[in-house]
Amino acid sequence: MKITESGKLIPEKGFHQYEISGNEIDLQIEFQTDCELFVRICKASCLRITSLIHKGVHVSLLYWNETQESVVFEENYEVRQDGSLILAYGECNDADTIHQTDVLLCEPQAEAVLSSASLVSSKKEYRIKTINRGVRTSADIRNYAVVLKDGKLMIDAIGKIERGAKRSQSHQTSRALEFEEGQCATILPELLIDENDVQASHAMSIGRVDENQLYYMMSRGLDLKQCTMLISQGYLLPVTDFISDEKIRETLKMQLERKIQESCLM
């Protein structure tokens with residue numbers, strides 16, 4: 001289904017594909033039953049999404065960004081009791097992109113996993129925030145990026161546990177891999193904890209490939225560019241696992257592998 005203008009979606013149970021091709025689009029998505037969405041972003045200067053996941057509903061959502069011009073994502077998700085949201089971003093295009101994402105776990109035992117995989121050859125900015133409001137809620141942010149020549153990456157990952165959200169969890173992992181000097185990557189991990197009876201953690205790393213790892217791979221007959229491609233694939237390809245449709249998953253893997261190869265051979 002192609003989306004070219006603002007509107008409201010209430011997906012039925014099962015797997016659905018959408019293609020967004022417009023300018024400024026305001027989209028309301030209401031999830032009343034378990035479903036999985038694959039959304040291909042072909043064109044959009046600004047995409048504003050407001051989403052509600054009802055009680056006990058489980059949702060998996062993968063955005064695949066193919067825009068060739070700058071785009072801003074402004075997203076708000078609300079997950080109710082016993083509901084869950086898996087939200088993933090695949091970014092392998094050359095256009096500047098800004099993500100501003102807020103996920104509210106507003107009722108008991110709501111869960112969310114947010115994951116991004118970015119091949120960064122332009123400017124990519126992520127400001128991702130999860131808010132634990134209900135008791136026994138769980139949030140997990142996972143960001144992985146490979147920063148190439150001229151790429152600029154900024155990740156601001158925020159996990160907030162409000163007072164009263166007892167026995168909740170907020171975790172985050174952000175890793176950026178660089179292959180050359182002069183590349184720019186900034187990661188800001190933030191935990192805002194207003195409750196004692198919780199679990200929270202963050203892990204962050206920015207750096208170049210381990211020299212010993214490169215030496216081992218090259219001793220097995222690979223050149224530097226082949227090593228770069230294989231390591232990049234290992235970092236980014238897992239984002240395609242968020243889609244269950246085998247045909248689409250294999251197509252995305254091939255597309256990502258081709259883009260990595262093109263970028264690493266430049």
ask   = When the ring planes of H99 and Y89 are compared, do they come out parallel, tilted or perpendicular, using 30° and 60° as the limits?
value = tilted
query = Do L222 and L237 share a hydrophobic cluster (ILVMFWY, side-chain heavy atoms under 4.5 Å, transitive)?
reply = yes
query = Just how far is it from atom CD of E250 to atom CD1 of I243, taken to the nearest 0.5 Å?
reply = 12.5 Å
ask   = Taking all atoms of both residues into account, what is the closest heavy-atom pair of V79 and S84, and its distance?
value = CG1-N, 3.9 Å
ask   = Going by distance alone, is a donor N or O of one side chain under 3.5 Å from an acceptor N or O of the other, for Y126 and T97?
value = no
request  = Please check if any side-chain donor atom of N23 sits under 3.5 Å from a side-chain acceptor atom of S45, or the reverse.
outcome  = yes
query = Out of I20, D26, I3, T67, which residue meets the side chain to side chain contact (heavy atoms under 4.5 Å, CB included) rule with L47?
reply = I20
key: Cluster check L104, Y77: I/L/V/M/F/W/Y, side chain < 4.5 angstrom   = no
inquiry  = Minimum heavy-atom separation for Q68 and A95, please, with both atom names.
reply    = C-CB, 3.7 Å
ask   = Under 3.5 Å, is there a donor-acceptor pair between the side chain of R249 and the main chain of S244?
value = yes
note = Note: A88 and V239 closest approach over all heavy atoms is CB-CG2, 4.1 Å
ask   = Which pair of heavy atoms, one from Q109 and one from T137, lies closest together, and at what distance?
value = N-CG2, 3.9 Å
query = Under 3.5 Å, side chain of N132 to main-chain N/O of Q169, donor-acceptor pair present?
reply = yes
query = Mind checking whether I53 and I131 sit in one hydrophobic cluster, side chains of I, L, V, M, F, W, Y counted as touching below 4.5 Å?
reply = no
query = Going through the distances and angles, do L148 and V120 end up as a side chain to side chain contact (heavy atoms under 4.5 Å, CB included)?
reply = CA-CA 6 Å; L148 301 174; V120 184; over 6 Å; no
task = Take K43 and E69 through the test salt bridge (charged side-chain N to carboxylate O under 4.0 Å, His left out) and record every step on the way to the result.
result = CA-CA 8 Å; K43 181 183 178 183; E69 298 178 355; over 6 Å; no
message = Taking G134's backbone N and O only, do any of them form a donor-acceptor pair with S168's side chain (distance below 3.5 Å, no angle check)?
response = yes
message = Are V71 and L153 linked, directly or through intermediate hydrophobic residues, by side-chain heavy-atom contacts shorter than 4.5 Å (ILVMFWY only)?
response = yes
task = Using a strict cut-off of less than 4.0 Å between a Lys/Arg side-chain nitrogen and an Asp/Glu carboxylate oxygen, indicate whether K129 and D156 qualify as a salt bridge.
result = no
NZ/NE/NH1/NH2 to OD/OE distance under 4.0 Å, E195 and R163 = no
message = Rounded at 0.5 Å granularity, tell me how far OG in S116 sits from CD1 in I155.
response = 5.5 Å
request  = Indicate if I49 and Y18 have the same hydrophobic cluster label, given that clusters are the connected sets of ILVMFWY residues with side-chain heavy-atom separations under 4.5 angstrom.
outcome  = yes
inquiry  = Ignoring hydrogens, what is the shortest heavy-atom contact between S122 and N93? Give both atom names and the distance.
reply    = OG-O, 4.4 Å
key: Mutual orientation of the aromatic rings belonging to F38 and W64 [parallel < 30°, tilted 30-60°, perpendicular > 60°]   = tilted
ask   = Is any side-chain N of the basic residue among E19 and K2 closer than 4.0 Å to the acidic one's carboxylate O?
value = yes
request  = May I ask you to decide whether R40 forms a salt bridge with E66, counting only side-chain N to carboxylate O separations under 4.0 Å?
outcome  = yes
ask   = What pair of heavy atoms forms the shortest contact from L188 to M154, and how long is it?
value = CD1-CE, 3.3 Å
task = Give a yes or no on whether a salt bridge exists between D94 and K259, defined as a side-chain N under 4.0 angstrom from a carboxylate O.
result = yes
inquiry  = Under a 4.0 Å threshold between the charged nitrogen and the carboxylate oxygen, would E125 count as salt-bridged to R127?
reply    = no
ask   = Distance-only, no hydrogens or angles: does the E107 side chain make a donor-acceptor pair with backbone N or O of Q81 under 3.5 Å?
value = yes
query = Judged by atom type as modelled, is there a donor-acceptor pair below 3.5 Å linking the side chain of S201 to the main-chain atoms of S170?
reply = no
message = Please check this pair: side chain of Q172 against backbone of E190, looking for a donor-acceptor N/O pair closer than 3.5 Å.
response = yes
message = Do the side chains of K166 and D197 get close enough for a salt bridge, i.e. N-O under 4.0 angstrom?
response = no
request  = Report the distance from atom CD of Q255 to atom NZ of K253, rounding to the nearest 0.5 Å.
outcome  = 14.0 Å
query = Side chain of E30, backbone of S51: donor and acceptor closer than 3.5 Å?
reply = no
inquiry  = Salt bridge check, K152 against D96: does any charged N sit closer than 4.0 Å to a carboxylate O?
reply    = no
query = Quick one: does I248's side chain get under 4.5 Å of Q17's, heavy atoms only?
reply = yes
Derivation of the side-chain hydrogen bond (donor to acceptor under 3.5 Å, both in side chains) call for S205 and R175 = CA-CA 5 Å; S205 68; R175 304 194 185 282; 3.2 Å; yes
